[in-house]
Each structure stands twice: as structure tokens, then as C-alpha cells.
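Right, one structure below, let's go through it.
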Amino acid sequence: MNVSFHPELVTGREDGFRSGPWTVTAGSTRRGDASCNLTERVLHVPLGHDETSRVVRAHELMHARVSPHLREHYGALEDMSPRALECAEEFRINTLVARLGFDVALLRDGSEKSGGRRLAESGEWSEALCFMLAVLGTGSEKEYLAGVRQLQPTWMAGMRAVRKRALGVVDALGSTSLGATRLNEDHLPSGYANVTVVLARLLSQSMVARPPVTPDALRAFRRSLEPGGRRPATGRFADLAFDESLEMAPRARARGLRRARPATSGSTMRYPSRLFTDDHKRAFAQRTSVHGGIVIIDQSGSMDLDGSALHALLRRAPDALVLGYSHRPGDSGATPNVWILANRGAVARTCPSGNVGNGVDGPVLRWAIARRRGDEPIIWVTDGQITDSHDHPDDKLTQECATLVRQHRIRLVREMPDAARALSWGRTTSRAQWSQFGRIGRKLQEMKVS
Amino acid sequence: MSLLESFEDVESCWRDLSDVLAAGISRVLLYGPSGTGKTYAALHHGVGIHPAERLVCTEDLTSGEITGTWMPVGENRWEWREGPAIRAWHGSGGLGGRLVVDEVDRASGDALSTLLAMTDSPESARWRNPETSQWVRPGPHFSVIMTSNIDDLDDIPSSLRDRFPVAIRVDRPHASALAGLSADLRAPALAGSLGPVGRRVSLRSFYAFDELRAKCGAQRAAQLVFCENALSVLDALAIAALA
């Protein structure tokens, strides 16, 4: 015989959620086999008489009591990982349930240790962090962490830092504040906004961070968890997010750039030295017009895009593909970080401004290389700084970009006005100019020496 | 918006009843789940100083219990005692009063026939007093409210239903019925009374729980009132209160 269950009695919300009958379906105490669907008003819970079933029911009832019931409450938080939000909410719910005197030590199903080992084995640092928050304070926590520790002991310091910060956030609040459902100015239930969203934000930035191993990295990681702390280094670029909203307009064609190329025949011997140095003896000059090329513009905080310089460039290279990029540090794809300013004859009506960080240097270069037509030149307008998705300089990422520059003969320029000239150079950036390009310049020099 | 506030918005059934009685409709059927205060409203709403007459239908209800019976008053002497229906016909000073017929769906065939006669339209309704042989008619202010716990109106005999053109489904307690509970119990009590069949918790249970917990604590009170549901109810109340 099933136990009685009274979800209808769980009232007290202040966020417009209307009370009414619930549909109750039989679940179990196995992880994932209990849920609360506030939209459809369905509770899937174990209906056994045992104490574990009772605590699981209390957990789901607490969701019914305090969790947001509108999809917009989740959609408004696009800069956060949905998984981080989910796990942070689990932690808030477990904390509230524990404070009401339910024995949350019973919330375990025996799969925790092997689950922790599996995540550690596959190197899933982000999921390892999320799951730690989901089970924090319950009977699952200790065994789960033991499983992770077995294969990734270096992760533990970072995980402990996140754990300590999460406990600090909830310990600072009473149960009433923790579970408050009155909507704040952002139309989010205040308990959710003050705890779940705060923790999910910390979790989101830590998930993409490199697991801190060295003492310095650990210190920086801990600082990143404090209010106002800088996001930790991630050691990787963000994914490209194109701005699809830009409108393009056709542009009147100009003459294009005139460029001289060595040739075996012609009317003027322009390169007599080639008679001795060039196997093919290309001593004559042949003038060709350059219409295209690819220009990549770093629009991060340290760089600036002058609209008139773009139009000057397009007057000389009307068929150029021009793209700008800049990543908002910590953004997970909600804010576009790359935009096409001109595309083989069409030009964008507006010119977006940058988002402070670089963050996507490598992916942008790769994207441009993949769209190169023949041996058309690729120009990179850059100050030479390369940063990760949280806007931290990174040696490995700088090396990656420097390798692309060398392999694909990408020409570097500091300013937009230099880009048009670089399109007609016919050669890569000289070694003497490398020093103008910060980290990537230094990396190119190192690569040349080695 | 709290549950009680939203309740104020949507307690249309009670507003319907007020409007219907204010418009002078004298035959009303109230039906719906138990414990929502149908009988209480029928006995008190729109009734003057003369108390309403109440008739609770069972399978054993007889016609005599509706219209009246001869009662022995001494050696070989009997006296006619009017039943609640006739008393309501007279009401205060012959003007007619309120007759409340509870659980009408449970009335037997004989009783139902008599009820049909008693609740007929004012022009048709009449009854001969066996003691005086005089014809009696309902007073001008006579009204009848029938109540039933049925969920489907089809379960009411069509002839009886025909006499009650206005049927109102009462599916929630009146706000004033909650006011007597402790503040922390009002919203759960309202929500519990609206729960699906099988999980519904009546308002009466909450009143009993409220009184008992003041004397012997919530655990004991829940055990006494909610029996095997005690733990589930207490858990839900604790989560609702979140303190």
C-alpha cells in the first residue's frame, strides 16, 4: 500500500504560482527517478513508507514550494550553464530540506563513488564540479568525492574551494530568505536569484576554468570565487558565436588594388636581381588588380575600429571578406563574438563594437583560413595579445595562433589603415616588425630561433 | 499573489450564490465536494432573524418527517406537529422562511415525492393540514436551498432538478470559513479542501487540528486528526511554512 502524499497542502508561494491539484506518479529512490514538473504540475516521487522515500518526497515538495515555475526564469539567464543552474538549485533545495530536519544523509543510492571515478577518468572537470554541488551536504557527497579523488587528486583543492564558497553563500542566509519566492526587479524569485543564480554564476565560470593545480593557480581560482573576483583562466578559446542580426548592403565596386608580381616576361625589367636569384628568372613585373583578401580585425578593448578606415579599405579591396571579433569574458554563447563587416562586395549597415576581451583569436583565424580563396592574403589587425575565454593571456593559445600565422602566412598589422597596404604587399610581416605585436610577436621570434 | 488573495479573485461560486439570492430566486441547488460550507451558507445566507429549517435526507427519511406527524400528547390524544417543510412555508408570521434540504440525492422514493410537492412552484404548491383540513400554501418569502455532495448533476432526479433552475457548483470554502483558522493553516486548508478526490483534506479536519495542536502539540494533533496521513500532512505543512 502506498503512503499518503499531500502536495496540495504545500502553499505559501508569492510568485503568482496558482495552487491546484497535482498529478502524482510513482517513482523510486534511485537517482533520477524522482522529479517535480511545475509547468505540468506532475510530481514523480517514491511512494514507499521508508524514511528515504520520505526525504526524497520532501525534496520534490520543496521544489514545488520554492523553485521557479516559469520557463522565462531559466531563459533569462542565458549567460549561465543550464547544468550549473540545475545543480545549484539542487543544493539550495537540499539545504532547505536539511534545515527543516529531514535526514538528507539518506539521499544516496550507492552509485556515487563509481560515478565520481567515471567523471575523473574521463576528465570531466565541469560535470565533476556540478555534481559536487548537487550532492553537497547529502549522504552522497563523501563517497562521490572519494571516487573523484582516486583518479584526479589534483582536482580536490579546486573542488574544496568551490564547496567552501557555496556553503558560505547559503550559511549567510536564513531559511526564509533562502526559499523566498517574492519576485525581485528582474522578475526572478528572490531566493532563487540570491542563491541559485549566484552559485550557478560561480559554477559556470569555474566549470570552464582550468582545474587549478599550482599554488598560484589555486590562489587565483579562490580569488575568482569571491564577490567581484576576476574569472579564473580557462586555457581555451570560446566557441564562435556569429552575429546573425547584421544587415548587409551591396557596395559600389571600386577599381581595387594594383599590385605588381614577378613574371618571366613583360615590358619593364623591374627585378633584375632575380636573373641571378630566381630559378625561373622572373625579372619582369606584371601588374594585376587585387580585389579580395581576408581581413580579420581584433576589436577587443585594446583595439578600436574606425568606420572610415573600413570604408577606405573596401574602396581598395571591394571583394574582401572582413570580419571583426571580440569575446565578452565569461559569456557562454549568448553574446555574439564575431561578425562579418564585409563579404565579397556587400558591407554591413552597422559596425558592432567590441566586447572587451579577445577570447576567440584562434577559432577566428581557423574560420578565415577555411574560407580563403586560392592564395589570397589574410590580414590580421591585432595588437598581438591573445587571451582565453575569460580574457586571460595564455602561452599555449599564443603558440597556437603563432603557428597558424606562420603556416598560413598571415600578415599582421597594428592599425586598420595598414590593412589595405598589407593586402598588396605580397609578403608576410617582416621579422623586424614582430616586436610590435606583443605576445604573438615574441612567440614568433621564439619559434624562429628554435 | 498569495493563495488566499487569488482565492478572493476566483470564488465565483459564492458570488453566484449571492447574486442569485439577491435577485429573488427562491429555488437553488448547491452541489460539489463536501466540507466547502454549502450547508452553512444555505442556513445563513439571505436568511432573516427567523432561523432556517433543515432537513437531512437519508434512505430512511419519511414523508412525515418532512410535512409533520401526529404525536401522542396524552391518553388517547394526539396532536399534529408540523414538519420542517411546513414550518418553513409559514416562516415568520406566515411570510415564509428558508428550507434547507441536505444530501437530497440520498432521499428515498416516498420522501422524494413529498419533497417534490413541497418545493413546487409557489402557484402549484399546496398541502392540506390533516388536523384542521385547511389548505396551506407557502408564504411569499419561502425559499429552498438543496445541497448535495454529488459531482454530476445527472445524479439528481430530473423532476427535482426541474424545480431548481439554478444549480451552483460549490468547489471551495467561503473565505469567511477560513478566517477562524490560525494564519499558518488558512492557505493549506483552502488548498487541501480543493485537492483531488483521495487527497482532499476537509476544512473540519483543519479546525480540529488547529484546536488540538494548541493543547497537545502538532505531532499528537496530527496523529489524532489525520491518523495514517499524519506524517504526510505534517511534512507538507512544514515545507509550506518554510521556517
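Below, read A as the first sequence line, B as the second, and so on, with proteins coming before strands; counting in each chain starts at 1.
Counting heavy-atom neighbours within 6.0 Å of B:Asp19 CG, excluding the residue itself, gives a total above 12. Crowding of B:Tyr40 atom OH: a count of heavy atoms from other residues, nucleotides or ligands under 6.0 Å not exceeding 12. When the shell of 6.0 Å around CD of B:Gln219 is examined, it contains 12 or fewer heavy atoms from other residues, nucleotides or ligands.
When every heavy atom of B:Leu242 is checked against every heavy atom of A:Val66, the shortest pair comes out as CD2-CG1, 3.8 Å. For the pair B:Ala191 and A:Thr11, the tightest heavy-atom approach, listed with the atom from each and the gap, is CB-CG2, 3.6 Å. Nearest heavy-atom pair, A:Leu9 versus B:Gly192, reported as atom, atom and distance to 0.1 Å: CD2-CA, 3.4 Å.
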Verdict with reasoning, A:His6 to B:Leu237, per side chain to side chain contact (heavy atoms under 4.5 Å, CB included):
CA-CA 9 Å; A:His6 291 90; B:Leu237 291 178; over 6 Å; no

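Neither the backbone nor the side chain of A:Val97 comes within contact range of chain B, judged by heavy atoms closer than 4.5 Å. Contacts between A:Leu96 and chain B at a heavy-atom distance below 4.5 Å involve the side chain alone, from C-beta outward.
One distance of note links CG of B:Leu190 with CD of A:Glu8; it measures 12.0 Å at 0.5 Å rounding.
Side chains of B:Ser232 and A:Arg57 form no contact here, defined as non-hydrogen atoms less than 4.5 Å apart.
Salt-bridge check for A:Arg54 with B:Asp235: passed, with a basic side-chain N closer than 4.0 Å to an acidic carboxylate O.
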